[in-house]
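Written out below as structure tokens is the structure these notes cover.
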Amino acid sequence: MTGISAPPVVDGVDVDRVAEVVRSCPGVADLVGGAVLPATGPVTTYLPGRRLGGVRVEPDRVTVQVTGDWTVALPALGRQVQSALAPLVGDRRVDVVVADLVDLPDAAGSADSNRT
């Protein structure tokens with residue numbers, strides 16, 4: 001045996017590849033696991049010996065939960081992630097949940113910089 005394992009595929013979707021593609025999208029800081037919306041359950045994939053937070057595969061959809069960059073418009077971020085994942089998920093819908101934002105402007109600094 002060579003010790004090389006097959007990619008982790010859940011219902012036909014390579015979840016590690018999904019994570020890689022999402023993280024490569026400009027405006028995505030990282031994936032975020034857990035449940036931001038308690039009614040929907042955690043956005044996590046459970047694999048043998050590990051968890052992949054921020055990706056959940058269901059029969060009709062793939063949900064990714066991300067931390068976004070403050071400077072990117074959320075609708076554009078969602079469309080970008082959906083477009084990037086389309087070739088990987090078949091006919092499934094891609095839901096993008098923005099759980100948090102990074103690089104928020106400093107409120108005190110912003111107010112001072114607006115003074116003339």
Side-chain angles (χ1 to χ4, degrees):
M1 289 285 182
T2 62
I4 298 174
S5 61
V9 176
V10 175
D11 202 16
V13 176
D14 179 343
V15 293
D16 280 343
R17 182 75 180 124
V18 166
E20 177 185 339
V21 167
V22 170
R23 286 181 174 124
S24 73
C25 289
V28 172
D30 204 356
L31 289 163
V32 179
V36 172
L37 305 171
T40 63
V43 180
T44 301
T45 299
Y46 297 94
L47 300 163
R50 67 184 176 106
R51 288 182 287 181
L52 175 59
V55 177
R56 182 176 63 216
V57 176
E58 298 174 76
D60 62 337
R61 77 189 75 198
V62 172
T63 302
V64 294
Q65 187 167 267
V66 302
T67 300
D69 188 306
W70 172 260
T71 62
V72 177
L74 297 183
L77 176 65
R79 287 189 301 271
Q80 181 183 78
V81 171
Q82 290 169 332
S83 177
L85 290 182
L88 303 177
V89 301
D91 342 348
R92 290 179 176 90
R93 180 176 87 204
V94 175
D95 292 339
V96 181
V97 177
V98 179
D100 201 359
L101 296 170
V102 295
D103 295 332
L104 297 171
D106 177 21
S110 295
D112 291 338
S113 66
N114 289 332
R115 294 182 190 166
T116 55

Practice prompt. Examine distances only and state if a side-chain atom of Q82 and a backbone atom of V96 form a donor-acceptor pair shorter than 3.5 Å.
Written response: no
Practice prompt. Quick one: do V64 and V18 satisfy side chain to side chain contact (heavy atoms under 4.5 Å, CB included)? Show the steps, please.
Written response: CA-CA 9 Å; V64 294; V18 166; 4.1 Å; yes
Discussion item. Count I, L, V, M, F, W, Y as connected when their side-chain heavy atoms are under 4.5 Å apart, and connections chain through other members. Are Y46 and L31 then in the same cluster?
Written reply: no
Worksheet item: Around R23, counting heavy atoms of other residues, nucleotides and ligands shown, do more than 12 lie under 6.0 Å from its CZ?
Response: yes
Worksheet item: Does atom CG of D91 have more than 12 heavy-atom neighbours, drawn from other residues, nucleotides or ligands, at distances under 6.0 Å?
Response: no
Item to complete: I would like to know whether D14 and L88 meet side chain to side chain contact (heavy atoms under 4.5 Å, CB included); could you show each step before the answer?
Response: CA-CA 8 Å; D14 179 343; L88 303 177; over 6 Å; no
Fill in: Single-linkage hydrophobic cluster, 4.5 Å side-chain cutoff, V57 and L47 together
yes
Response to the item:
Nearest heavy-atom approach of P8 to R50 is CG-NH2, 3.3 Å
Worksheet entry | Separation between OG1 of T45 and CZ of R51, rounded to the nearest 0.5 Å | 11.5 Å
Worksheet entry | Nearest atoms (heavy-atom pairs only) where C25 meets A84 | SG-CB, 3.9 Å
Discussion item. Quick one: does any side-chain atom of R56 pair with a main-chain N or O of P42 as donor and acceptor, under 3.5 Å?
Written reply: yes
Discussion item. For R92 versus E58, what's the shortest heavy-atom pair and its separation?
Written reply: NE-O, 2.9 Å
Item to complete: Determine, using the 4.5 Å side-chain heavy-atom cutoff (strictly less than), whether V43 and V13 are members of one ILVMFWY cluster.
Response: no
Worksheet item: Out of curiosity, does V66 fall in the hydrophobic cluster containing V102 (side-chain heavy atoms, cut-off under 4.5 Å, transitive links)?
Response: no
Fill in: Minimal non-hydrogen separation, P26 against Q80, with atom names
O-OE1, 2.5 Å
Worksheet item: Of the options L85, V55, D30, which is the one that meets V22 in a side-chain contact (heavy atoms from CB on, under 4.5 Å)?
Response: L85
Worksheet item: In Å and rounded to the nearest 0.5 Å, what is the CD to CZ distance from E20 to R17?
Response: 4.5 Å
Worksheet item: Do you know the tightest heavy-atom contact between L101 and W70?
Response: CD1-CE3, 3.5 Å
Worksheet item: With the 4.5 Å side-chain cut-off for hydrophobic clustering, are V21 and V32 part of the same group?
Response: no
